[in-house]
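Below is one structure, written out as structure tokens; comments come after it.
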Amino acid sequence: MALIGTAALLFVLGLMISPVYTQDLSTQCGDNYTNVISSTNFGLTVSSQNLTANTNYTVTVNGLNDTKTVILRAQSNNSPVGTWQNATGVTNCSLGIAFNANSTTNTTNWTSPGSVNSSVTLSVYILNGTGTNTNVANVTINYVAPTPSSNTTENVTTLCNQNPINATTAGNFTVTVSPQNLVANTSYKVTVNGLNDTKTVILRAQLNNSSVGTWQNATGVTTCDLGIAFSANSTTNTTNWTSPGSVNSSVILSVYILNGTGTNTNVASVTIIYGKLMKNTVCCIICS
């Protein structure tokens with residue numbers, strides 16, 4: 001009987017001092033760990049440190065020399081984000097995942113959310129004992145706001161109709177027209193020269209501050225009430241404009257080259273000169 005009692009006591013003591021990895025993973029996964037120290041004997045790495053939406057990242061915990069309980073979390077602005085891989089032996093909770101690591105290197109996957117606008121910090125907590133002494137390592141996946149493109153991805157229809165602001169005279173491109181004399185119902189060749197990369201080009205024809213005439217409707221060209229817009233991807237870009245059926249004043253053709261979001265816009269203009277045709281003078285000689 002004494003042996004049985006001793007064995008029972010040892011069994012109970014064994015339960016009391018069993019390592020943390022036999023504890024409830026769900027509870028540990030959701031705990032807030034306040035008494036943490038930076039890791040010196042293990043590390044956390046991620047396959048890429050550039051954050052993009054809806055992207056899979058390989059997350060690796062290195063340097064564990066015995067069985068530990070591992071907690072992994074991904075946070076942005078102090079809130080959990082993304083989705084952790086749901087694998088055998090892994091417990092998911094609202095804050096991240098927890099699992100018992102039994103090898104030196106442990107790898108899992110995390111997928112970023114569908115929309116991102118700030119960096120994400122991945123943290124690994126390695127629990128020792130009851131978790132009151134917890135090691136932590138962090139790695140940040142950096143979010144870099146995209147540099148505004150040359151408006152090729154902007155809403156071209158909106159750009160076509162808006163009034164460009166902060167317009168400055170162009171220094172590196174020109175607009176030419178042929179012919180330069182305005183005649184009703186005539187086709188004119190309009191050329192934009194000097195673009196050195198892809199830009200959004202807006203062309204307008206105005207007479208007395210009102211849009212006039214008809215622009216060529218070609219593939220890749222957006223037509224709006226004020227003119228046309230298109231993404232130029234060559235040094236020289238040519239289109240056609242047809243004058244209205246009746247003209248009584250000169251027409252100004254303007255080209256706007258949009259940079260960034262359009263807040264810095266270059267402009268160049270050319271005028272198609274309207275001149276009244278002189279009536280033929282008929283001299284009648286009356287011979288007697």
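For reference, positions follow the sequence shown, starting with 1. Remember, it's a predicted structure, so these values are computed and weren't measured experimentally.
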Checklist entry - If we only count heavy atoms from C-beta on, is the T222 to F230 side-chain gap below 4.5 Å? => result no
Checklist entry - Of all heavy-atom pairs between Y188 and P179, which one has the smallest distance, and what is that distance? => result CD2-O, 3.1 Å
Item to check | Step-by-step side-chain contact (heavy atoms from CB on, under 4.5 Å) determination, I228 to I202 | outcome: CA-CA 6 Å; I228 59 172; I202 296 176; over 6 Å; no
Checklist entry - Does V90 belong to the same Ile/Leu/Val/Met/Phe/Trp/Tyr cluster as L122, with side-chain heavy atoms less than 4.5 Å apart forming each link? => result yes
Checklist entry - If you round to the nearest 0.5 Å, how far is CG of L44 from CG of L72? => result 6.5 Å
Next on the checklist: Please report the interatomic distance OG(S249) to CD1(I272), rounded to the nearest 0.5 Å.
Outcome noted: 12.0 Å
Checklist entry - From S123 OG over to N138 CG, what is the distance, rounded to the nearest 0.5 angstrom? => result 3.5 Å
Checklist outcome for this item: So CG of N240 and OG of S178: to nearest 0.5 Å the spacing works out to 10.5 Å
Checklist entry - Are F173 and V255 close enough, and set up right, to give a side-chain contact (heavy atoms from CB on, under 4.5 Å), and what steps lead you there? => result CA-CA 10 Å; F173 69 93; V255 56; 3.7 Å; yes
Next on the checklist: Please determine whether side-chain contact (heavy atoms from CB on, under 4.5 Å) holds for the pair N56 and T111, giving the CA-CA distance in whole Å, both sets of side-chain angles, and the decisive distance to 0.1 Å.
Outcome noted: CA-CA 4 Å; N56 186 270; T111 303; 3.3 Å; yes
Next on the checklist: Are V192 and L226 connected into the same hydrophobic cluster when the rule is that any two of I, L, V, M, F, W, Y join if their side-chain heavy atoms are below 4.5 Å apart?
Outcome noted: no
Next on the checklist: Side chains of T105 and N62: any donor to acceptor distance under 3.5 Å?
Outcome noted: yes
Checklist outcome for this item: Separation between OG1 (T140) and CD (Q75), nearest 0.5 Å, reads 11.5 Å
Checklist entry - Any chance the side chains of T108 and Q85 put a donor and an acceptor closer than 3.5 Å? => result yes
Checklist entry - For S250 and T271, does a side-chain donor sit closer than 3.5 Å to a side-chain acceptor? => result no
Checklist entry - Shared ILVMFWY cluster between V201 and V270, side chains joined below 4.5 angstrom? => result yes
Item to check | Verify same cluster id: V212, Y274 (apolar side-chain graph, 4.5 Å) | outcome: yes
Next on the checklist: Are L207 and S210 packed together at the side-chain level, in the sense that at least one heavy-atom pair is separated by less than 4.5 angstrom?
Outcome noted: no
Checklist entry - Are the side chains of N32 and L95 in touch, meaning some heavy atoms are under 4.5 Å apart? => result yes
Item to check | Exam field: side chain S112 to backbone N54, donor-acceptor pair closer than 3.5 Å | outcome: yes
Next on the checklist: Using modelled atom types and a 3.5 Å cut-off, is there a donor and acceptor pairing between side-chain atoms of N106 and backbone atoms of S103?
Outcome noted: yes
Next on the checklist: Under a 3.5 Å distance rule, please check whether S76 uses its side chain to pair with a backbone N or O of S119 as donor and acceptor.
Outcome noted: yes
Item to check | Nearest atoms (heavy-atom pairs only) where C29 meets T91 | outcome: SG-O, 4.0 Å
Checklist entry - So, the side chain of T27 versus the backbone of L25: is there a donor-acceptor pair under 3.5 Å, distance only? => result no
Checklist entry - Do Y143 and N50 have side-chain heavy atoms sitting under 4.5 Å apart? => result no
Checklist entry - Side chains of N92 and N86: do they bring a donor and an acceptor to under 3.5 Å? => result yes
Next on the checklist: Quick check for you: to the nearest 0.5 Å, what is the distance between N208 atom CG and N248 atom CG?
Outcome noted: 7.0 Å
Next on the checklist: For L64, I'd like to know if atom CG has over 12 heavy atoms of other residues, nucleotides or ligands within 6.0 Å.
Outcome noted: yes
Checklist outcome for this item: In short, T52 meets Y57 closest at the heavy-atom pair N-OH, 3.0 Å
Checklist entry - Got a donor-acceptor contact below 3.5 angstrom from the W110 side chain to the V81 backbone? => result yes
Checklist entry - So do the side chains of K68 and L127 get within less than 4.5 Å of each other, counting heavy atoms only? => result no
Item to check | Donor-acceptor side-chain pairing of S254 and S269 below 3.5 angstrom | outcome: yes
Item to check | Shortest non-hydrogen contact between Q28 and R73, atoms and distance | outcome: O-NH2, 4.1 Å
Next on the checklist: If you apply the rule side-chain contact (heavy atoms from CB on, under 4.5 Å), what do you find for V190 with V175, and how did you get there?
Outcome noted: CA-CA 7 Å; V190 182; V175 57; 3.9 Å; yes
Next on the checklist: Test your reading of the model: is there a side-chain donor-acceptor pair from S26 to the backbone of D24, 3.5 Å cut-off?
Outcome noted: no
Item to check | Backbone N/O of Y256 and side chain of R204: donor-acceptor pair under 3.5 Å | outcome: no
